[in-house]
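Written below as structure tokens is the structure these notes are about.
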Amino acid sequence: MKIASWNVNSVKVRLPHLLDFLKNAQPDVLCLQEIKCLADDFPRLEVATLGYKVEALGQRAYNGVAILSREPAREIVFGLPGDDGDDHARYLEATFGPSGAAVRVASIYLPNGNPSGTDKFTYKLGWMDRLNTHAAGLLRREIPFVLAGDYNVCPTDDDVYDPVGFRDDALCRIEARSRFRALLYQGLVDAYRVFHREPHKYTYWDYQAGRWQRDEGLRIDHMLLSPHAADRIVGCDIDKSPRGKERASDHTPIWCELAG
DNA sequence: ATGACAGTCTGCGACTGA
């Protein structure tokens with residue numbers, strides 16, 4: 001099962017690139033973030049022509065997550081549990097694959113949290129605490145799962161082109177990094193690091209100041225695997241080709257492949 | 001450095017993102 005994740009920064013604008021990616025990468029499951037539209041406005045017919053079904057949690061103008069899949073999603077959860085007052089469309093989770101090799105997959109769009117020291121930063125940290133609590137519940141069920149998406153966290157200085165300049169950025173603050181590590185300490189595996197040890201590999205490059213051309217980016221899109229899912233991993237990589245296109249998203253896809 | 005870039009709607013400027 002090939003699972004991919006991509007912050008498309010508007011699914012309407014990125015539709016041609018999305019269709020190209022589905023044709024080229026052929027994922028079984030694709031998690032999307034920042035679709036920036038209502039679920040009813042997702043271009044379902046266009047992706048259906050390529051054989052993909054859509055589950056989406058959207059909102060007007062901002063945020064919004066979706067999961068595309070060849071086979072229908074089961075047992076869908078809309079929204080990250082733990083705060084009934086949270087109305088941001090940032091979390092969608094469902095089960096995919098045959099019952100003998102089922103995988104629970106979540107598409108997550110973790111809050112950015114900038115500027116640090118504001119209510120936005122507090123919201124980010126609270127969201128990460130809820131994600132840790134939710135992951136603990138998933139682990140107790142002993143179902144293989146993959147938490148895929150835009151975490152808005154650079155786990156270490158190796159994941160930032162300018163660690164000094166980003167020292168006080170919400171993406172690099174110790175409060176965010178410690179909560180990301182808490183996910184790892186629960187037993188989750190950073191799929192990319194299973195296969196790639198080298199520093200300065202990125203999934204995001206700012207539109208400004210020629211960051212893409214200079215390869216000055218951030219590694220903030222991650223696929224965290226439960227131990228049972230990690231047992232099955234046979235590959236993981238960042239696909240840089242969509243970022244180089246005209247009118248690209250500022251993020252590029254990451255994917256992993258699980259046996260079975 | 002008042003900045004850059006890109007998306008959305010409140011729309012031809014303001015807000016958000018990372």
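Reminder, nothing fancy here: chain letters follow the sequence lines and each chain counts from 1. These values consider heavy atoms only, across backbone and side chains, with no hydrogens, waters or symmetry-generated copies.
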Separation between the [atom1] atoms of [N] and [M], rounded to whole Å:
N: B:dT2; M: B:dG17; atom1: P; result: 22 Å
N: B:dA14; M: B:dA1; atom1: P; result: 23 Å
N: B:dG11; M: B:dA6; atom1: C1'; result: 16 Å
N: B:dT10; M: B:dT16; atom1: P; result: 14 Å
N: B:dG7; M: B:dC12; atom1: C1'; result: 15 Å

Sidechain-backbone polar pair: A:Arg232 side chain, A:His228 backbone, donor-acceptor under 3.5 Å: no
Distance-only polar pair, side chains of A:Thr203 and A:Arg219, donor-acceptor under 3.5 Å: no
Test item: side-chain donor near acceptor, A:Asp150 and A:Tyr204, under 3.5 Å: no
Letter per nucleotide, 5' to 3', of nucleotides 13-18 of chain B [B base touched, S only sugar-phosphate touched, - untouched; heavy atoms, 4.0 Å]: --BSSB
Nearest-0.5 Å distance that lies between atom CD1 in A:Ile3 and atom CD1 in A:Ile254: 11.5 Å
Residue mapping more 5' on DNA chain B - nearest nucleotide basis, A:Lys12 or A:Arg211: A:Arg211
Worked check of side-chain hydrogen bond (donor to acceptor under 3.5 Å, both in side chains) between A:Asn9 and A:Lys36: CA-CA 7 Å; A:Asn9 187 16; A:Lys36 293 190 171 181; 2.9 Å; yes
Between B:dA4 (P) and A:Glu216 (CD): distance, integer Å: 18 Å
Gap between atoms CG and C1', on A:Leu18 and B:dG7 respectively (whole Å): 17 Å
Distance test, side-chain N/O of A:Arg247 to OP1/OP2 of B:dC5, below 4.0 Å: no
Phosphate contact (B:dT8 OP1 or OP2) by A:Ser10 side-chain N/O below 4.0 Å: yes
Contacts of type side chain to side chain contact (heavy atoms under 4.5 Å, CB included), residue A:Asp215, not counting sequence neighbours: A:Tyr202, A:Trp205, A:Lys240
